[in-house]
Enquirer: 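Once you've had a glance at the structure underneath, I'll fire off some questions.
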Amino acid sequence: MTSLKSDFLQILTEREFIHQVTDLEGLDAKMATAEKEGALSAYIGFDCTGTSLHVGSLVQIMMLRWLQKCGHKPIVLLGGGTTRIGDPSGKDESRRLLTDDDIAQNMQGIRTIFDQFLTFGEGPTDAALVNNAEWLDKLEYIDFLREIGTHFTINRMLTFDSVKLRLDREQPLTFLEFNYMILQAYDFMELGKRYDCRLQMGGSDQWGNIVNGMELGRRAAGLSLFGLTTPLITTADGKKMGKTADGAVWLNEDSLPAYNYWQFWRNTQDADVGKFLRLFTELPLDEICRLDALEGSEINEAKIILANEATKMCRGETAAADAYATAKETFERGGAGSDLPTVEIPEAQLAEGLNIVDLFLDASLGASKGDVRRLIKQGGAKINDQKVESAELVVGKKDLADGQIKLSAGKKRHAIIKIS
RNA sequence: GGAGGGGUGGCCGAGCGGUUAAAGGCACCAGACUGUAAAUCUGGCCUCGUAUGAGUACACAGGUUCGAAUCCUGUCCCCUCCA
């Protein structure tokens with residue numbers, strides 16, 4: 001592999017962040033100069049379709065973080081404007097339109113995530129958070145068409161995957177959605193003009209959109225722009241990363257408690273440990289190399305480090321430490337750590353006695369009564385680490401140990417019952 | 001506009017009058033083995049009931065029949081071919 005002159009691209013390459021780059025040498029030269037003489041600005045756009053982002057966006061966020069570390073300026077572009085349209089890329093049907101209130105609320109949630117990963121401010125390498133509604137909402141239709149629309153041919157737009165997918169399947173693609181790519185291209189140009197932003201990064205599905213933006217920037221504003229995409233991150237068994245059966249792995253504490261976030265990383269399969277350490281932690285590569293080489297049960301050490309590092313970055317030092325302590329207490333000593341999900345029930349109710357099945361349901365350790373009964377029948381239900389033998393069991397105050405009751409469903413799911 | 005095919009459980013997909021809560025696969029849950037891996041094996045996987053059982057369910061609404069996912073009628077949606 002050729003060695004790169006810029007720290008940023010060197011790191012990204014070594015850690016396997018890069019899928020495609022429009023002009024690697026050109027960009028490398030530019031970044032290398034910028035690293036000596038002043039920051040280069042680069043941006044990644046994020047949709048505001050939910051109140052949080054999930055692990056799928058973490059690769060992009062990590063790139064922005066590295067960018068900042070290497071002395072450049074990361075720009076987080078929130079799609080306050082474009083989310084009003086909805087990106088058709090990779091979707092075979094239209095999404096329902098979000099209301100402006102939804103979008104505003106989603107932006108609020110997403111913003112807090114970036115505060116964890118980046119340093120914002122006014123300085124040359126401080127991150128900036130920009131909302132594309134700032135310029136998109138103000139567009140005048142005819143002016144826009146004359147200024148921007150002339151640079152796009154329908155012939156070319158029809159060749160884009162996002163469009164082709166719909167047309168091939170005879171799924172409707174509305175004119176509204178058809179415009180998405182133009183607006184994203186316009187974003188890039190606008191950021192180039194306003195913030196001297198030269199590089200757009202994104203997932204591999206954004207390649208087309210990014211290239212469009214570069215071309216528009218060149219034609220309409222004479223800017224020389226660059227694009228870079230990351231590969232789609234999959235797990236060793238070929239699944240899209242970050243989607244578990246219970247749903248997405250969210251980055252916001254409100255959507256997913258730190259303990260669960262930690263557990264997600266801790267449960268990484270062996271084959272993915274090295275890859276994840278490279279992408280989602282900032283440990284030095286030789287350290288990662290050492291950890292990745294661990295075999296047998298020793299690799300668990302690497303998984304713990306992965307979980308600690310990833311959680312620290314996303315949720316902060318304390319949250320990571322608590323999650324780790326709880327995991328240690330629960331799994332290594334068979335106790336009950338304080339970070340486990342806790343449910344409070346009134347003292348009177350417990351004094352009367354509660355059926356074990358209902359208790360499990362209250363603690364969200366089962367989907368239905370039948371589900372909990374099955375669990376008990378198969379020997380997966382435990383109360384204070386004692387196997388529950390019968391679904392008839394009535395739980396009362398006598399079961400309190402240290403003022404709480406520990407329930408377990410299988411080896412990994414635990415909950416604490418406390419008196420309110 | 002014309003002709004044909006189809007809509008089944010989280011997904012894929014069999015069934016085409018009774019033995020069908022519905023084969024098989026995937027996903028998921030538990031157990032065993034382990035390392036809170038992976039792979040494998042075992043059991044489970046609509047709801048309620050300890051259970052014999054009951055209630056819902058095969059796009060939707062009606063009908064035929066002792067009995068319907070299976071037959072008929074209407075409605076909605078999808079696909080393929082022709083114009």
Side-chain angles (χ1 to χ4, degrees), chain A residues 92-94 165-173 234-249 257-277 280 291-308 310-311 320 322-337 339-341 353 355-361 363-383 385-395 406-415:
Chain A
D92 47 11
E93 52 190 54
S94 326
L165 181 76
R166 292 280 184 89
L167 294 182
D168 288 349
R169 300 199 183 179
E170 298 193 16
Q171 291 288 328
L173 176 74
T234 53
T235 57
D237 43 14
K239 287 180 202 139
K240 213 174 188 174
M241 184 206 176
K243 297 256 178 199
T244 65
D246 327 312
V249 180
Y259 173 73
N260 296 319
Y261 189 75
W262 195 92
Q263 284 295 322
F264 166 75
W265 294 105
R266 174 60 248 263
N267 285 312
T268 300
Q269 37 175 304
D270 291 9
D272 287 324
V273 170
K275 184 178 181 177
F276 286 3
L277 281 168
F280 302 116
L291 291 170
D292 193 25
L294 293 175
E295 289 196 4
S297 60
E298 299 220 307
I299 202 165
N300 284 332
E301 187 202 327
K303 292 185 189 179
I304 290 171
I305 292 173
L306 171 64
N308 280 341
T311 309
D322 287 350
Y324 178 37
T326 294
K328 210 166 168 170
E329 175 66 29
T330 310
F331 286 96
E332 288 175 25
R333 278 190 230 113
D339 236 13
L340 290 177
N355 179 264
I356 186 75
V357 175
D358 294 327
L359 202 57
F360 266 77
L361 238 35
S364 314
L365 291 176
S368 67
K369 291 190 174 187
D371 194 36
V372 176
R373 283 203 193 90
R374 261 172 247 137
L375 184 74
I376 294 171
K377 208 182 287 176
Q378 302 195 109
K382 293 200 189 100
I383 174 164
D385 299 305
Q386 289 281 309
K387 199 198 268 187
V388 177
E389 300 289 352
S390 153
E392 294 304 288
L393 188 71
V394 174
V395 180
K406 179 188 175 195
L407 300 180
S408 314
K411 276 178 288 201
K412 294 191 191 174
R413 289 144 63 219
H414 307 277

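Model, not experiment: these values are computed from the prediction. Within every chain, numbering begins at 1; the chains are lettered A, B, ... in the order of the sequence lines, protein sequences first and strands thereafter.
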Enquirer: Can you tell me how far the CG atom of A:N260 sits from the CH2 atom of A:W265, to the nearest 0.5 Å?
Expert: 14.0 Å
Enquirer: What's the closest nucleotide to the side chain of A:K411 if the choices are B:A32, B:U50, B:G35?
Expert: B:A32
Enquirer: Write down the distance separating the C1' atoms in B:U64 and B:G18, rounded off to the nearest Å.
Expert: 16 Å
Enquirer: Do A:V372 and A:L365 have side chains that approach each other closer than 4.5 Å (heavy atoms only, starting at C-beta)?
Expert: no
Enquirer: Using atom CD1 of A:I376 as one end and atom P of B:G44 as the other, report the distance to the nearest whole Å.
Expert: 17 Å
Enquirer: State whether A:K369 places a side-chain N or O below 4.0 Å from either non-bridging phosphate oxygen (OP1 or OP2) of B:G49.
Expert: yes
Enquirer: Tell me the interatomic distance from A:L361, atom CG, to B:C48, atom C1', rounded to whole angstroms.
Expert: 12 Å
Enquirer: Under 4.0 Å between any heavy atoms, over every strand shown, what does A:T268 touch: base, sugar-phosphate, or nothing? Just pick one.
Expert: sugar-phosphate
Enquirer: When the C1' atoms of B:G31 and B:U36 are considered, how many whole Å apart are they?
Expert: 15 Å
Enquirer: Suppose you measure atom P in B:A59 against the same atom in B:A68; what distance do you get, rounded to whole Å?
Expert: 15 Å
Enquirer: Using a strict threshold of under 4.0 Å (side-chain N to carboxylate O), is an ion pair present between A:K303 and A:D270?
Expert: yes
Enquirer: With a 3.5 angstrom cut-off on both distances, give the Watson-Crick or G-U wobble partner of B:G53, or none if there isn't one.
Expert: B:C48
Enquirer: Reckon A:Q263 touches a base, only the sugar-phosphate, or nothing at all at heavy-atom distances under 4.0 Å?
Expert: base
Enquirer: Tell me, with the steps shown, if A:I383 and A:K406 meet side chain to side chain contact (heavy atoms under 4.5 Å, CB included).
Expert: CA-CA 6 Å; A:I383 174 164; A:K406 179 188 175 195; over 6 Å; no
Enquirer: Measure from CG on A:L306 to P on B:A37 and round the result to the nearest Å.
Expert: 15 Å
Enquirer: When you measure from the side chain of A:S297, which nucleotide among B:G35, B:U50, B:G49 comes out closest?
Expert: B:G35
Enquirer: Can you tell which of B:U36, B:C48, B:U50 lies closest to the side chain of A:F331?
Expert: B:U36
Enquirer: Nearest-Å distance, CZ (A:F276) to C1' (B:A37)?
Expert: 13 Å
Enquirer: Which whole number of Å gives the distance between the C1' atom of B:U70 and that of B:G17?
Expert: 6 Å
Enquirer: Determine the Euclidean distance between corresponding C1' atoms of B:C60 and B:A37; express it in Å to zero decimal places.
Expert: 47 Å
Enquirer: Is a donor-acceptor contact shorter than 3.5 angstrom present between the side chain of A:Q378 and the base of B:G31?
Expert: no
Enquirer: Checking A:L393 against A:V357 for the side chain to side chain contact (heavy atoms under 4.5 Å, CB included) test, could you report, in this order, the C-alpha distance in whole Å, the side-chain angles of both residues, the deciding distance, and whether it holds?
Expert: CA-CA 8 Å; A:L393 188 71; A:V357 175; over 6 Å; no
Enquirer: Between B:U47, B:U36, B:A38, which nucleotide gets closest to the side-chain atoms of A:S368?
Expert: B:U47
Enquirer: Is there a side-chain polar atom (N or O) of A:R413 under 4.0 Å from OP1 or OP2 of B:A30?
Expert: yes
Enquirer: Counting Watson-Crick and G-U wobble pairs only, both distances under 3.5 Å, name the nucleotide matched with B:G17, or none.
Expert: none
Enquirer: Determine which nucleotide pairs with B:G9, using a 3.5 Å limit on both distances of a Watson-Crick or G-U wobble pair.
Expert: none
Enquirer: Is there a donor-acceptor contact under 3.5 Å linking the side chains of A:W262 and A:N308?
Expert: yes
Enquirer: For the base of B:U36, is there a side-chain donor-acceptor partner from A:E332 under 3.5 Å away?
Expert: no
Enquirer: How long is the line joining CG of A:N267 and P of B:C29, in whole Å?
Expert: 11 Å
Enquirer: Could you tell me the Watson-Crick or G-U partner of B:A30, where both distances fall under 3.5 Å? Say none if there is no partner.
Expert: B:U42
Enquirer: Is there a Watson-Crick or G-U wobble partner for B:A59 with both distances under 3.5 Å, and which nucleotide is it?
Expert: B:U75
Enquirer: Any side-chain N or O of A:R374 less than 4.0 Å from the OP1 or OP2 oxygen of B:C29?
Expert: no
Enquirer: Between A:E329 (CD) and B:U36 (C1'), how many Å, whole number?
Expert: 15 Å
Enquirer: Does the side chain of A:H414 pick up a donor-acceptor pair with the side chain of A:T330 at under 3.5 Å?
Expert: no
Enquirer: Select from A:A409 and A:D270 the residue whose nearest nucleotide in RNA chain B is closer to the 5' end of that strand.
Expert: A:A409
Enquirer: Looking only at side-chain atoms of A:L375, point me to the closest of B:G35, B:U36, B:A30.
Expert: B:A30
Enquirer: 5'-most contact on RNA chain B: A:A381 or A:K377, nearest heavy atom basis?
Expert: A:A381
Enquirer: Would you say A:Q386 has more than 12 foreign heavy atoms packed within less than 6.0 Å of its CD?
Expert: no
Enquirer: Which part of the nucleic acid, if any, lies within contact of A:G296, taking any heavy atom under 4.0 Å across all strands shown: a base, the sugar-phosphate backbone alone, or nothing?
Expert: base
Enquirer: Grab the CG-C1' distance between A:D371 and B:G31 for me, whole Å please.
Expert: 15 Å
Enquirer: Using a 4.0 Å heavy-atom cut-off, does A:W262 contact any base of the nucleic acid, only the sugar-phosphate backbone, or nothing at all?
Expert: base
Enquirer: Can you check the distance between B:C71 and B:U8, where both ends of the measurement are the P atom (answer in whole Å)?
Expert: 15 Å
Enquirer: Can you tell me the pairing partner of B:A3 across any strand shown, Watson-Crick or G-U wobble, with both distances under 3.5 angstrom?
Expert: B:U80
Enquirer: Roughly how many Å apart are B:U20 and B:U75, using the P atom of each and rounding to a whole number?
Expert: 35 Å
Enquirer: Rounding to the closest angstrom, what is the interatomic distance between B:A30 and B:G7 at atom C1'?
Expert: 34 Å
Enquirer: Nearest-Å distance, CZ (A:R373) to P (B:C45)?
Expert: 13 Å
Enquirer: Looking at A:K382, I'd like to know whether one of its side-chain N or O atoms comes within less than 4.0 Å of OP1 or OP2 on B:A30.
Expert: no
